[in-house]
Amino acid sequence: MVETLITSSALIAGICAFRLLFKGRISPRIMYAMWGLPALRLLMPLFYPADRWLKTLRSSFSVMNAVDRLHEQVIAGTEMEPLVDNILTGRVRGYANPDTLPQKLVGVDWQLVFLAVWLTGSAVLLVWILWVNFHFAARLRRTRVRCRGAVYGVTHLPVYRVLDLRSPCLVMFLGEQSIYLPEDLEAEPEQIEHILIHETCHARHLDPVWGALRCMLVCAYWINPLVFLAAYLSKRDCELACDEAAVKRLGEGSRFDYGRTLIALTAGKRAFSDLFCISADFVFGRKTMKERITLLAAWPRTTALTAALVLAVSAALIACTYTGRPAQGLQKRTELWAEYFCSRDGRALAGLYSQEHQDGFYGMEPVNTDESGNYLGFGWSSPWPMDGRYDIQAENTRSQITYYAMTSEPHLWVWKETLEWEKSDGIYYVDREALSIFDAVSVLTEFEAAYGQGIEGTPLDYRTNGMGAALNENVKGDPVMAFLAAPETAGPYLLNLEGGRAAAETVGDQSSVTYEFRDGSSVVIRMERPFGADGIWVPTGWSGAVEAADEAEVDEADEENVGVTPAPGEAERTEADLPEAELPETEAENAEAGAENSEAEAVKAVVGEFAQAYFRDDPAAMARVMTGSAAKKIAGAGEQLWDRLDAFQIKGDLSDAENRDQLEVQCEYRVAGEDSFSYLGVELVREETGWSVSGYYLEK
């Protein structure tokens, strides 16, 4: 019903504008016929099969598209959205402590209230209209006197005279149509002929039937003031159309005489109840007389060009108001989501999210306010996805968006967002959302999830995305970025790999970097040096992924070897069975150094991730590497400092990290423009899952 009110209002407004622009340029009968468009549109919901068929008509021209856009851009995400949703759907939402008027109002089922008021008003108006028409018709039948004059050569309808009748009229009562004339009407025979022909044209046009339909629609849609306006204007156009038909029957020479008859019989001020009377009057008030006389004098004729224009306008109005918003496919809705996400348009995103699960929207990581907030903040400054640079995969009711977040450094991260959709009234809405930010890739599965689409030809390709060239310029004269000149350090940095170790095999401007993750899995990264012999290295692809060995598989292999006799000459004890003292000295030292280096790298990775999150003022990222108790009360630097650091170094004795359960290290840093170094102290504890930050402090 809401859609009917919106589209019919737009249709009525369009016809009113058309009537104003083409007044005196088209035939009144054509103008009168155009009022059939809003009448038919208003009738559709009253007949279920027709309404069901109409809902299948969708187009990009529908005014409902503008309504949806208004909702997504203005209402969605505001305090008014729950109230609007309540009014449109009847869903009631209660707030534990409502502190604003919309929050208090949303606890009432306003749709039920409006429906009750609507039906009550319709019933009262219907009873009143029936009383007005039956009372009027009954009075006429009680006091009428049949005319016996020479009227039957003019009309086939019975003609009566009645006392206290303001204007001649055509009345239909219980299926009988009759013409009624005022008893005191003083008119010449020629004028009587004009009146009778006019009322006979009303009968031929079935105007009493259309008048009854007009009253019925006013009863059904009394809540819309534009329906009253349409009823008033259509009744005026009804009289204009009959004037044209009457003059056509009388002949061109009688046009001015017919106009003088109108002037002579001008009635006084009309009553409000006349609008709801289904009778067709000869004179419809003084205000319409000027318009009728003007049209009679101008005698507008509809040219072929005007007729074509009328058809075009009618077709446009039908396309805009008889159709609904197109049922956008999953791909299109996902594209809208990605566009709004990149532009940080939280309100529009809230409009794409299921209204029944708005708590899921407010639980999203980029949303910076709760559901009761007056302001909907979404996103942060950087890193953030590049506008218009994303990839979409959509199937069934699930879609995945790959964003490419960046900073001004410049640097890229891969974000992947998975959306679960549900369909409501032919439109897809997000039901669940999950965002994965690959800012610290530490295992092969994360690597494959982040870069499974490849590197070459994507925004990750630093050879063509413009960022590689910018980085190459930044490295010159900046010792902090010198690690980009070596493939084994450039690859992990640009692909955001942490916690592992890399080894490179380089030939000219090509290199293969074997990167081993913490869990023992590895991948081979192809690197190039596209900006000259002294330029930076950038990743171009990867291959040779190897998963970590499964301990269960190793145990199973050992069981299969039970009872196997060593081959002649083979040592009865393996090297692993020998005491550490029996190992070659260099191998023992290497094993010990490897364990120390691995643990130290793990600590540095955690500290580096924490420090970077701190200087980016990102408490959520800080919490990911902190213990549960420490993560409850944290705060970042208060401003974006990471991109302004001209020096950063992790300091601390980590030589025996593998033998300790608690550590304390310091991050030495200097903000560009400052003369002295500052220190971020980081306290760590060993947990079952690895090292975690338990506290931090600042020193100048």
**Report entry** E516 with R501: basic N within carboxylate O range, under 4.0 Å
**Finding:** no

Query raised in the report: Going by an N to O cut-off under 4.0 Å, is there a salt bridge joining E395 and R398?
Result: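 Judged by the 4.0 Å cut-off on N to carboxylate O distance, E395 and R398 do not form a salt bridge.
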
**Report entry** Residue pairs involving residues 603-613 (criterion side-chain hydrogen bond (donor to acceptor under 3.5 Å, both in side chains); sequence neighbours excluded)
**Finding:** Q612-R616

Query raised in the report: Would Y353 and W337 satisfy side-chain contact (heavy atoms from CB on, under 4.5 Å), going step by step from the backbone distance to the final call?
Result: CA-CA 9 Å; Y353 213 98; W337 179 278; 3.7 Å; yes

Please enumerate all residues that pass side chain to side chain contact (heavy atoms under 4.5 Å, CB included) together with [X], with sequence neighbours excluded.
{"X": "Q393", "answer": "Q400"}
{"X": "E639", "answer": "L641, R644"}
{"X": "A450", "answer": "V414, F438"}
{"X": "T458", "answer": "Y404, Q453, L460"}

Requested in this report: Could you note down all residue pairs passing salt bridge (charged side-chain N to carboxylate O under 4.0 Å, His left out) where residues 433-452 supplies at least one of them, sequence neighbours left out?
Outcome: D439-R624

Query raised in the report: Does any pair with a residue in residues 459-470 pass salt bridge (charged side-chain N to carboxylate O under 4.0 Å, His left out), and if so which ones, sequence neighbours excluded?
Result: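 Applying salt bridge (charged side-chain N to carboxylate O under 4.0 Å, His left out) to every pair that reaches into residues 459-470, excluding sequence neighbours, yields E456-R463, D461-R463, R463-E528.
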
Query raised in the report: Centroid-to-centroid, F517 to Y515, below 6.0 Å?
Result: yes

Hey, does [Y] have a side-chain heavy atom less than 4.5 Å from the side chain of [X]?
{"X": "E683", "Y": "Y697", "value": "yes"}
{"X": "V682", "Y": "V693", "value": "yes"}
{"X": "S694", "Y": "M626", "value": "no"}
{"X": "W380", "Y": "Q640", "value": "no"}
{"X": "V546", "Y": "V524", "value": "no"}
{"X": "E422", "Y": "T397", "value": "no"}
{"X": "P410", "Y": "N474", "value": "yes"}
{"X": "W537", "Y": "F531", "value": "no"}

Spacing of [X] atom [atom1] and [Y] atom [atom2] [to the nearest 0.5 Å]:
{"X": "D359", "Y": "S354", "atom1": "CG", "atom2": "OG", "result": "9.0 Å"}
{"X": "S442", "Y": "L497", "atom1": "OG", "atom2": "CG", "result": "9.5 Å"}
{"X": "I437", "Y": "E417", "atom1": "CD1", "atom2": "CD", "result": "10.0 Å"}
{"X": "S436", "Y": "K416", "atom1": "OG", "atom2": "NZ", "result": "9.5 Å"}
{"X": "S382", "Y": "D643", "atom1": "OG", "atom2": "CG", "result": "5.5 Å"}
{"X": "L484", "Y": "L494", "atom1": "CG", "atom2": "CG", "result": "5.5 Å"}

Taking only residues two or more places apart in sequence or in another chain, which ones pass ring pair (Phe, Tyr, Trp, His ring centres under 6.0 Å) with [X]?
{"X": "W691", "answer": "none"}
{"X": "F648", "answer": "W642"}
{"X": "F341", "answer": "F378, W384, Y403"}
{"X": "Y669", "answer": "F615"}

Compare every heavy atom of [Y] with every heavy atom of [X], then report the nearest pair and how far apart it is.
{"X": "H357", "Y": "D431", "answer": "ND1-OD1, 2.8 Å"}
{"X": "F677", "Y": "E668", "answer": "CD2-CG, 3.5 Å"}
{"X": "Q331", "Y": "A394", "answer": "OE1-CB, 3.7 Å"}
{"X": "G468", "Y": "I536", "answer": "O-CD1, 3.5 Å"}
{"X": "N368", "Y": "G379", "answer": "ND2-O, 2.9 Å"}
{"X": "V513", "Y": "A502", "answer": "CG1-CB, 3.8 Å"}

Would you find a donor on one side and an acceptor on the other, under 3.5 Å apart, between the side chain of [X] and the backbone of [Y]?
{"X": "W421", "Y": "Y429", "value": "no"}
{"X": "N465", "Y": "P459", "value": "yes"}
{"X": "R333", "Y": "Y428", "value": "yes"}
{"X": "R529", "Y": "A485", "value": "no"}
{"X": "D618", "Y": "A613", "value": "no"}
{"X": "T627", "Y": "S692", "value": "no"}

Query raised in the report: Think R347 forms a cation-pi with Y340, using NZ or CZ under 6.0 Å from the six-ring centre and within 45 degrees of its axis?
Result: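 No cation-pi geometry.
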
**Report entry** Side-chain donor-acceptor pair present, Q666, Y679, cut-off under 3.5 Å
**Finding:** no

Report task. Please check if any side-chain donor atom of S343 sits under 3.5 Å from a side-chain acceptor atom of D345, or the reverse. Result ->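 On atom types as modelled, these side chains do not qualify, holding no pair under 3.5 Å.
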
Report task. Start with the C-alpha gap between V665 and V607, add the side-chain angles, then the distance that decides, and say whether side-chain contact (heavy atoms from CB on, under 4.5 Å) holds. Result -> CA-CA 8 Å; V665 298; V607 173; 3.5 Å; yes

Requested in this report: Take L654 and E599 through the side-chain contact (heavy atoms from CB on, under 4.5 Å) test and state the conclusion after the steps.
Outcome: CA-CA 8 Å; L654 303 177; E599 199 69 22; over 6 Å; no

Query raised in the report: Can L495 and V441 be said to form a side-chain contact (heavy atoms from CB on, under 4.5 Å), step by step?
Result: CA-CA 8 Å; L495 294 178; V441 179; over 6 Å; no

Report task. List for me each residue that meets side-chain hydrogen bond (donor to acceptor under 3.5 Å, both in side chains) alongside D661, sequence neighbours excluded, and say none if there are none. Result -> R686

